[in-house]
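Have a look at the structure below before the remarks.
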Amino acid sequence: MPVFEKRNLEKYHHAFALQVTQSELISMIISVSPADIAKDFFDFVYGKDIITKEEINRGVLFACIFSPEVADICVKKGLKNSDELVNLFKGGRLEKIIRI
């Protein structure tokens, strides 16, 4: 089945076309905007996407909302104490700690 024939090309185009409804597209656009915070809150409260009406696992949504915040806090704490960490590796104290 050569792709060069027009009818085969149309089949491939149809098979790989983006299959997104209008409400899914709107939901995705809001998800990358500042309004995402409010949308996520209402999605969590109602247990479904408020635009597409699809059910959402609240546990997964909770993890998606708070994981970036937890990661941000960890990075800030790590950067705050980065000098101590560098000194630990430079001074060879890490090897002494591991041997003990």
Side-chain angles (χ1 to χ4, degrees):
M1 177 196 270
V3 180
F4 305 121
E5 295 179 19
K6 185 176 178 173
R7 67 176 185 265
N8 292 335
L9 186 60
E10 289 172 358
K11 288 179 187 176
Y12 281 113
H13 176 69
H14 181 68
F16 293 110
L18 186 60
Q19 303 291 324
V20 178
T21 64
Q22 187 176 11
S23 60
E24 289 173 334
L25 183 62
I26 292 169
S27 183
M28 283 189 285
I29 291 170
I30 290 174
S31 293
V32 295
S33 74
D36 180 51
I37 296 167
K39 181 184 175 302
D40 285 345
F41 172 77
F42 287 112
D43 288 350
F44 184 77
V45 169
Y46 292 113
K48 60 183 176 181
D49 189 310
I50 59 172
I51 296 172
T52 63
K53 308 296 185 220
E54 294 177 3
E55 293 292 321
I56 295 176
N57 183 332
R58 285 185 175 155
V60 172
L61 183 60
F62 180 82
C64 290
I65 291 171
F66 289 103
S67 294
E69 296 302 322
V70 170
D72 186 44
I73 291 169
C74 291
V75 168
K76 286 179 182 175
K77 292 281 185 184
L79 291 175
K80 183 178 174 183
N81 300 320
S82 63
D83 292 337
E84 297 169 11
L85 188 62
V86 169
N87 291 336
L88 184 68
F89 281 103
K90 276 186 176 179
R93 294 187 331 202
L94 184 64
E95 293 175 1
K96 293 176 187 174
I97 293 170
I98 292 174
R99 287 184 192 158
I100 293 176

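Position 1 is the first residue of the sequence, and the numbers go up from there. Please read all numbers here as calculations on a predicted model, not as lab measurements.
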Open item on the list: Side-chain heavy atoms under 4.5 Å apart, restricted to Ile/Leu/Val/Met/Phe/Trp/Tyr: what other residues fall into the cluster of Val60, or is it alone?
Closed with: none
Task: side-chain contact (heavy atoms from CB on, under 4.5 Å) partners of Ala35, counting only residues at least two apart - done: Ile30, Ser33
Task: Pairing residues for Ser23 by the side chain to side chain donor-acceptor pair (under 3.5 Å) criterion, not counting sequence neighbours - done: Thr21
TODO: Calculate, to the nearest 0.5 Å, the distance between atoms CG and CG belonging to Asp43 and Asp36 respectively.
DONE: 8.5 Å
Task: Counterpart residues, ring pair (Phe, Tyr, Trp, His ring centres under 6.0 Å), relative to Phe42 (two or more places apart) - done: none
Task: Straight-line distance of Asn57 CG to Cys64 SG, nearest 0.5 Å - done: 9.5 Å
- [ ] May I ask you to decide if Lys48's main-chain N or O and Arg58's side chain share a donor-acceptor pair within less than 3.5 Å?
- [x] no
Open item on the list: When you group the ILVMFWY residues by side-chain heavy-atom contacts below 4.5 Å and let the links chain together, are Phe41 and Phe44 in the same group?
Closed with: no
Open item on the list: If hydrophobic clusters are built by linking Ile, Leu, Val, Met, Phe, Trp and Tyr wherever their side-chain heavy atoms come under 4.5 Å apart, do Val45 and Phe62 end up in the same one?
Closed with: no
Using atom types as modelled, flag every donor-acceptor pair under 3.5 Å from a side chain in residues 49-56 to any protein atom, sequence neighbours excluded.
residue	atom	partner	partner atom	Å
Asp49	OD1	Ile51	N	2.8
Asp49	OD1	Thr52	N	3.2
Asp49	OD2	Ser27	OG	2.8
Asp49	OD2	Lys39	NZ	3.2
Thr52	OG1	Glu54	N	3.4
Lys53	NZ	Ile50	O	2.9

Task: Transitive ILVMFWY cluster of Ile37, excluding itself - 4.5 Å side-chain cut-off - done: none
